[in-house]
Amino acid sequence: MNRLTTLLSGIFLVFLTSWLGLVAYPATRLGRLAPVPDPDSGGSFPPVYGGQAVAGQGIYAREGCVSCHSQQVRQRSVTGSDLARGWGVRPSVARDYLRDSTAFLGSSRIGQDLSNIGIRQTDAKALLLHLYDPSAVSPGSTMPSYRYLFEVRKIQGQRSYEALDLSGPDAPKPGYEVVPTAEARNLVAYLLSLRHDYPLPEAPVKKDGAK
Amino acid sequence: MTAHVPSRHLAADSSVRLPVILLFGNAVHWLVVASLLSLIVSVKLVAPGFLDGIPFLTYGRLAPAARDLMLYGWASQAAIGGGLWLMAGLCGVSLGGVVVRTVVTGAIVLWNLAVLLGTLALLAGYGTGVEWLEYPHWASAMLLLAFLLIGIPVLLLFDRRVAGHAGVAQWYLVAGFCCFPWVYGTGNLLLVWKPLQASAQGPLQSWYCGGLTALWFLPVAVAALYALIPRNLGLPLHRRELATLGFWSLLFLGGWSGIGRLIGGPVPAWMSSVGVVSGILFLIPVTIIAINLYGTMRRGTPAMEGMAAHRFLKAGLGLLLALGILGALASMPGISGALNLTGFTEAGFQLGILGAVSFPLFALLYGSLPGILARECWVPRLTDRHFALTLTGLGLLVVSLLLGGVFTGLALDDSTVTFLNIASYTYPFHVLECVAWLILLVASLLVGANLTVALAAGYLFPKTRP
């Protein structure tokens with residue numbers, strides 16, 4: 001191993017093994033997974049994101065939500081707790097991420113897993129409130145506030161239907177209201193669309209809510 | 001092969017003086033900033049109201065900014081600086097003429113500019129959301145270019161070296177400097193610049209994190225151990241014949257080690273199995289390194305002038321062993337299911353970057369500068385305190401993360417306990433993490449002060465020689 005070329009060739013070959021297995025293989029195999037047609041609706045699984053949800057995914061990325069929230073429900077053979085906790089109706093598989101721009105698998109669960117937040121929470125307004133002041137909705141939560149995705153404005157005529165129902169210290173001055181910006185609405189649209197409860201050939205869903 | 005007894009001094013040629021000083025100076029500066037940001041991040045987990053609602057200081061932007069500064073501002077830069085100094089010293093050749101030196105100096109400026117702008121962009125809301133690769137595409141392209149401009153001259157040093165067989169340290173240096181551009185380039189190309197369909201991204205993300213640690217940081221750190229420990233003791237390497245197996249097994253398993261993060265995750269089953277196996281087999285290279293170096297250390301005492309560096313080397317070797325054991329434990333199926341994605345994962349990361357990697361890098365810093373400045377430049381008291389505080393802070397950080405992780409993992413298993421409740425169990429551990437980061441911040445300020453004094457003394461009293 002005295003010559004640079006010998007050493008480099010050895011390093012190249014050794015490096016190549018993991019590169020082939022963990023880069024080239026996923027790129028050529030997992031990267032070509034296709035959606036599965038849904039005979040009932042004529043659509044496909046995983047479903048296509050709406051425009052707002054696509055924009056919301058960008059907000060999710062830039063705010064670093066993945067620092068605290070994973071998006072992966074692990075196999076029962078490794079841990080039963082992800083499914084038992086109701087974080088999903090079945091384990092996540094590679095195909096679930098097919099419509100995403102980035103797979104936010106995460107490496108830390110300071111907050112709960114969000115792969116199926118759209119099943120647990122279907123009310124956009126509740127999610128907006130949570131983003132505005134997490135500790136008001138779930139006391140003791142360490143989640144930061146995303147107040148800067150909202151706008152405080154003077155009520156013009158009638159109160160907006162979008163205005164948050166805030167009370168206590170969060171309540172705006174009389175005559176003012178707190179409304180979500182487009183960014184907040186997009187983020188919530190993305191969160192609501194996170195639901196992997198459809199069946200895939202490699203990940204069937206048992207009927208009747210059985211886990 | 002005859003036993004090769006190294007001389008106690010590693011004298012790098014004066015051509016590397018400016019680059020090494022610049023690299024270490026900037027690296028230590030980023031270490032201070034990264035420690036400060038990490039402290040703020042840890043406080044936010046205890047008191048979420050702290051600096052809350054400010055977009056550029058929100059947890060999700062600040063935490064990756066702090067980690068990336070640790071990875072690219074501090075550790076990578078110190079590894080480049082230390083690697084350059086080691087390679088030049090071990091090969092006994094000059095970096096090159098004015099052109100090469102100017103290119104290298106320019107590349108250092110480019111690297112730091114990329115780190116600065118990348119961090120600012122991330123804080124301003126232009127982060128990619130890809131873990132460890134949050135810098136926007138232009139900043140990562142700048143980093144890669146800067147690395148190539150420094151890394152290629154470093155590799156050429158090896159090619160031009162004064163005859164003699166290459167030592168174990170040089171293999172590791174060549175490996176590290178080859179792997180960084182490949183790992184960083186692949187990661188950015190397929191996750192940031194031209195992302196793969198996301199169904200393929202999971203394995204790649206974990207490969208990147210594992211590869212950056214095991215194929216870039218660890219090889220340079222291990223090179224420092226192999227180069228400096230026998231040298232400080234004036235002894236040949238104990239059981240050198242094992243080192244070859246250690247080297248190739250570290251490279252081979254290192255590339256696969258990252259997939260352990262995704263055991264049970266949305267990847268093909270064979271990948272989960274490989275994650276388990278590679279995590280456990282990683283004990284092979286770690287054990288060989290320990291046999292080589294503990295065996296050498298047992299037989300001698302270091303020369304006085306090498307003492308500052310030697311302490312860091314000794315601790316670095318111990319931390320590397322701890323990292324190997326923790327990694328093997330973490331990949332056991334039962335344990336990974338319960339403890340992956342808790343503080344346990346973070347503990348492994350910090351033990352690696354701040355421990356097994358940073359301690360040998362500190363040894364390179366303390367070992368290189370006296371030769372480069374041609375004088376004893378360190379304030380012994382600052383060095384002592386820096387060592388003691390870094391070890392204390394790191395120990396407290398890793399232990400509190402581990403314990404917090406084990407608590408969380410056990411509690412998560414009982415689905416009647418709500419998630420919020422579990423989060424509240426970890427409160428005391430988060431408080432301990434804040435204390436740990438405060439200690440680490442003070443430690444980083446001490447090494448910063450020590451370096452400032454060391455460099456300033458040269459300008460204030462240019463003719464002082466011991």
Side-chain angles (χ1 to χ4, degrees), chain A residues 1-2 4 7-8 10-11 14-15 17-19 21-23 26-27 30-33 60-68 70 72 74-75 77-79 81 84-85 91-98 100-110 112 135 138 140-145 147-148, chain B residues 44-45 48 52-53 55 58-61 63-64 125-131 158-159 165-166 171 174-175 178-179 182 186 190 195-205 207 248 251-252 255-256 259 261 263-267 333 336-338 341-342 345-346 412-413 415 419-420 423-424:
Chain A
M1 295 206 289
N2 276 325
L4 185 59
L7 190 55
L8 285 186
I11 293 169
V14 170
F15 187 99
T17 59
S18 74
W19 194 86
L22 297 180
V23 179
L30 305 180
R32 291 198 188 140
L33 286 172
Y60 191 93
R62 79 161 201 218
E63 296 301 334
C65 304
V66 70
S67 301
C68 296
S70 60
Q72 48 170 319
R74 291 173 298 164
Q75 299 285 342
S77 59
V78 170
T79 174
S81 90
R85 215 151 258 291
S92 306
V93 291
R95 205 190 298 263
D96 285 328
Y97 303 87
L98 191 145
D100 296 340
S101 54
T102 299
F104 297 110
L105 299 181
S107 54
S108 176
R109 280 179 178 165
I110 294 170
Q112 38 179 309
S135 55
S138 37
S141 163
T142 51
M143 180 168 148
S145 156
R147 286 193 292 275
Y148 54 88
Chain B
K44 276 169 172 281
L45 281 186
D52 193 31
T58 189
Y59 186 95
R61 299 191 198 176
Y126 295 94
T128 61
V130 181
E131 287 187 283
F158 180 76
D159 205 35
H165 67 256
W171 309 339
V174 170
C178 283
C179 288
W182 201 346
T186 304
L190 300 179
L196 290 175
Q197 180 172 302
S199 49
Q201 287 178 8
L204 193 57
Q205 287 169 359
W207 173 83
W248 292 115
L251 283 193
F252 178 73
W256 292 96
I259 196 71
R261 281 161 48 113
I263 291 171
V267 293
S336 65
L341 303 167
T342 68
T345 313
E346 174 79 2
L412 276 172
D413 215 27
S415 58
F419 191 80
L420 262 178
S424 68

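Lettering of chains follows the sequences in order, A, B, ..., and the numbering in each one begins at 1. We use all heavy atoms of the structure for the numbers below, so side chains are in, but hydrogens, waters and symmetry mates are not.
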Inset, instruction - Count the heavy-atom pairs under 4.5 Å between each of L22(A), V66(A), T79(A) and chain B, then report the option with the highest count. - result: L22(A)
Legend entry - P26(A) vs L204(B) side-chain heavy atoms within contact, under 4.5 Å: no
Legend entry - Side chains of D52(B) and R147(A) in contact at under 4.5 Å (non-hydrogen atoms): yes
Legend entry - Portion of T128(B) that has a non-hydrogen atom of chain A nearer than 4.5 angstrom: backbone
Legend entry - For chain B, the option from R95(A), Q75(A), R109(A) that forms the most heavy-atom pairs under 4.5 Å: R109(A)
Legend entry - Under 4.5 Å from a heavy atom of chain A, the part of V267(B) involved: neither
Legend entry - Donor-acceptor contact present, side-chain T142(A) to main-chain P48(B), <3.5 Å: no
Inset, instruction - Classify the ring geometry between W182(B) and F15(A) as parallel (under 30°), tilted (30 to 60°) or perpendicular (over 60°). - result: parallel
Legend entry - Side chain, backbone, both or neither of V23(A) within contact of chain B (heavy atoms, under 4.5 Å): both
Inset, instruction - With a 4.5 Å cut-off on heavy-atom pairs, point out which of I259(B), L412(B), D413(B) contacts chain A the most. - result: L412(B)
Legend entry - Min side-chain heavy-atom separation L30(A)-P203(B) under 4.5 Å: yes
Legend entry - Atom pair CG/OG of L420(B) and S138(A) - distance to nearest 0.5 Å: 5.0 Å
Legend entry - Distance-minimising heavy-atom pair for T58(B) and Y148(A): CG2-OH, 3.3 Å
Legend entry - Options V130(B), T186(B), L196(B), ranked by heavy-atom pairs under 4.5 Å with chain A, top entry: T186(B)
Inset, instruction - Just give me the residue among S135(A), S108(A), G31(A), S67(A) that pairs up with chain B most often, heavy atom to heavy atom, under 4.5 Å. - result: G31(A)
Inset, instruction - Among the options G53(B), G255(B), G60(B), pick out the one with the most heavy-atom pairs lying under 4.5 Å from chain A. - result: G60(B)
Inset, instruction - Using a cut-off of 6.0 Å, state whether more than 12 heavy atoms not belonging to Y126(B) lie near its atom OH. - result: no
Legend entry - Minimum heavy-atom distance between G21(A) and W256(B), given as atom pair plus value: CA-CH2, 3.6 Å
Inset, instruction - Let me know if E346(B) has heavy atoms under 4.5 Å from chain A in its side chain, its backbone, both or neither. - result: neither
Legend entry - chain B contact via P144(A) - which portion, at a heavy-atom distance below 4.5 Å: both
Legend entry - Spatial distance of atom CD (Q197(B)) from atom CG (L98(A)) [nearest 0.5 Å]: 4.0 Å
Legend entry - Any donor-acceptor pair under 3.5 Å from Q205(B) side chain to A103(A) backbone: yes
Inset, instruction - Identify which of G265(B), S199(B), G264(B) forms the greatest number of heavy-atom pairs closer than 4.5 Å to chain A. - result: S199(B)
Legend entry - Minimum heavy-atom distance between S101(A) and Q201(B), given as atom pair plus value: O-NE2, 3.1 Å
Legend entry - Point-to-point distance, once rounded to the nearest 0.5 Å, from CG of L8(A) to SG of C178(B): 4.5 Å
Inset, instruction - Kindly compute the distance separating CG (L341(B)) from CZ (R74(A)), expressed to the nearest 0.5 Å. - result: 4.5 Å
Inset, instruction - Would you mind checking which part of L190(B) comes under 4.5 Å of any heavy atom in chain A, side chain (CB onward), backbone (N, CA, C, O), both or neither? - result: side chain
Legend entry - Max heavy-atom pair count under 4.5 Å with chain A, selected residue of P195(B), G129(B), G125(B), P55(B): P55(B)
Inset, instruction - Calculate, to the nearest 0.5 Å, the distance between atoms CZ and OG belonging to R85(A) and S415(B) respectively. - result: 6.0 Å
Inset, instruction - Could you grab the distance from atom CH2 of W171(B) to atom CG of L7(A), nearest 0.5 Å is fine? - result: 8.5 Å
